[in-house]
There are 2 protein chains.
Amino acid sequence: MKENRVPEVTIRRLSTYLRYLKELEERGETVVSSAQLAKACGLNAAQVRKDLAYFGEFGIRGVGYYVKDLYEHLKKILGLNREWRLAVIGIGNLGTALLNFRDFLKENYKIVAAFDKYPEKVIGRVAEQMGRPVEVLHIDRLKEVAKERKIDIAILSVPPSEAQKVADLVVEANIRGILNFTPVQLKVPKGIIVKNAYFTTVLDNLVYYLQFRRR
Amino acid sequence: MKENRVPEVTIRRLSTYLRYLKELEERGETVVSSAQLAKACGLNAAQVRKDLAYFGEFGIRGVGYYVKDLYEHLKKILGLNREWRLAVIGIGNLGTALLNFRDFLKENYKIVAAFDKYPEKVIGRVAEQMGRPVEVLHIDRLKEVAKERKIDIAILSVPPSEAQKVADLVVEANIRGILNFTPVQLKVPKGIIVKNAYFTTVLDNLVYYLQFRRR
DNA sequence: GGATGTGAAGTCGTTCACAGCT
DNA sequence: AGCTGTGAACGACTTCACATCC
């Protein structure tokens, strides 16, 4: 084990391993090899071992890794052994879908608030779609509610024109993490962590490689 | 200009440049420097120049790049100078949001079909949310309709348990590109291009860096 | 003068190959 | 015998630094 700086790509792959391990556990598998993990995730076995070695020695030579054990370790490493409290800001179509996104619940994520500039406009539609009443608060209450409900992360699904302004409010509300679904490159103070999840970029990327193929 | 293999990260950044250039154009700016582009996108100026140099010499020494000119070039390079025809498969909450996602229209993307396993179940809700009637077809018609409507790309927003099965149908329907919103590592034949857009991975990543901070 | 384009240097991540443990 | 953990080799991307051209 070496406590070097861990590459961000390694962290991303850890999530992938975690999901596969969960699957293995549900299937009742008890042991997995780096080769098997690598194959399932489309990677090289040495890379899997290197990724894990950043954090300790979890395997047994000649055997492999215990599924349950590795699963728990990775969960802890990723910080998913505690609850993370999310707020969705911007309750348009995407925001509504995110409010409803069940995968968040499987991990230790919990959506504890929803905000919009015009809560009265969206609340009816949202309740309708979700099949239950939903509380959408005015964005002006962000700071107050963030403290009250201990919001850890803001999910930003507002229009691009509002993105920077809302990001500033998020920072102001002492929320340290932003999952940014807008195409805007947010400017935030040091210490605030932003990850971009705008998917047109991914689509553009797909198209680049697609354009050289005949159909 | 060197016609080397272009790194995928470069392609991703090109999308970012494209969006900033559009913004500049709308603001009426005519010229931009690599330093300015770099700053706006949070990168190093040399990197911007290297990225562009993979595809030609678009700049003018001592001046910079003409905004409109570079914009058009990048659009062409990325393959966005023609229309791309999308189908959304799996019309749950996310699928519905994607059907409604206006950003796709700004680029040369056009959603030409929607599929689900139970179209009759979702069609009412979707129409309601979109404020207009929407045609959701049964997944069995994928191959037929793909040919008819010249579908280029399938956007996969089905449950994980169905993902591989549906991906197989997409391949069978001669669609060559998949934007995968499921957490599943899809297995597809060579020549088919898959890009993953599952965002819990990004959230996990955010949390990793967040866990070391006090709140 | 000033910003591009680009070899060369530097940094970072991946893969190899094998020693070491079970 | 088999699979992990890891130095060393390799390859890829980034940044520097400067010659080049407008």
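Since this is a predicted model, take the numbers as computed values, not measurements. First the proteins, then the strands, lettered A, B, ... as listed; each starts at 1.
- Rounded to an integer number of Å, the gap from B:F58 CZ to D:dC22 P is 17 Å.
- Residue B:R102 places its CZ atom among 12 or fewer non-hydrogen atoms of other residues, nucleotides or ligands, all under 6.0 Å distant.
- A centroid separation of less than 6.0 Å is found between the aromatic rings of B:F101 and A:F199.
- Checked against C:dG7, C:dG2, D:dT6, the side chain of B:R61 finds its nearest nucleotide in C:dG2.
- As a whole-Å value, the separation of A:K50 NZ from D:dT4 C1' is 12 Å.
- Contact annotation: the side chain of B:T96 never approaches that of A:N93 to less than 4.5 Å [non-hydrogen atoms, C-beta and beyond].
- Nearest approach of A:R5 to A:Y54, heavy atoms of both residues: O-CE2, 3.9 Å.
- Rounded to whole Å, atom P of D:dG5 lies 6 Å from atom CD of A:E57.
- Rounded to a whole Å, the CG atom of A:L52 is 16 Å from the P atom of D:dC3.
- Distance, B:F55 CZ to C:dG5 C1': 15 Å, rounded to whole Å.
- Computed from coordinates, the B:N44 CG to C:dG10 P distance equals 16 Å when rounded to whole Å.
- Screening B:N180, B:I89, B:I91 for a side-chain contact (heavy atoms from CB on, under 4.5 Å) with B:V158, the sole residue that qualifies is B:I89.
- Between B:E72 and B:K68 there is a side-chain heavy-atom pair separated by less than 4.5 Å.
- Between B:N196 and A:V202, the closest heavy-atom pair is O-CG1, 3.8 Å.
- As a whole-Å value, the separation of A:L70 CG from D:dG5 P is 10 Å.
- Surrounding NZ of A:K187 are more than 12 heavy atoms belonging to other residues, nucleotides or ligands, all under 6.0 Å away.
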Using nucleotides 11-13 of chain C, report all nitrogen or oxygen pairs with the protein that are shorter than 3.5 Å.
none

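- Taking the side chain as every heavy atom from C-beta outward, B:L43 and B:L37 never approach each other to under 4.5 Å.
- Atom P of nucleotide D:dC3 and atom OH of A:Y66 are separated by 14 Å, given to the nearest angstrom.
- Taking every heavy atom of residues 26-37 of chain A and every atom of DNA chain D, pairs under 4.0 Å involve A:S33, A:S34, by number.
- Side-chain nitrogen and oxygen atoms of A:R49 include none within less than 4.0 Å of the OP1 or OP2 phosphate oxygen of D:dG5.
- Residue B:A46 places its side chain closer to C:dT6 than to any other of C:dT6, C:dG5, D:dG5.
- If you find the closest nucleotide of DNA chain C to A:L43 and to B:Y65, the one lying nearer the 5' end belongs to B:Y65.
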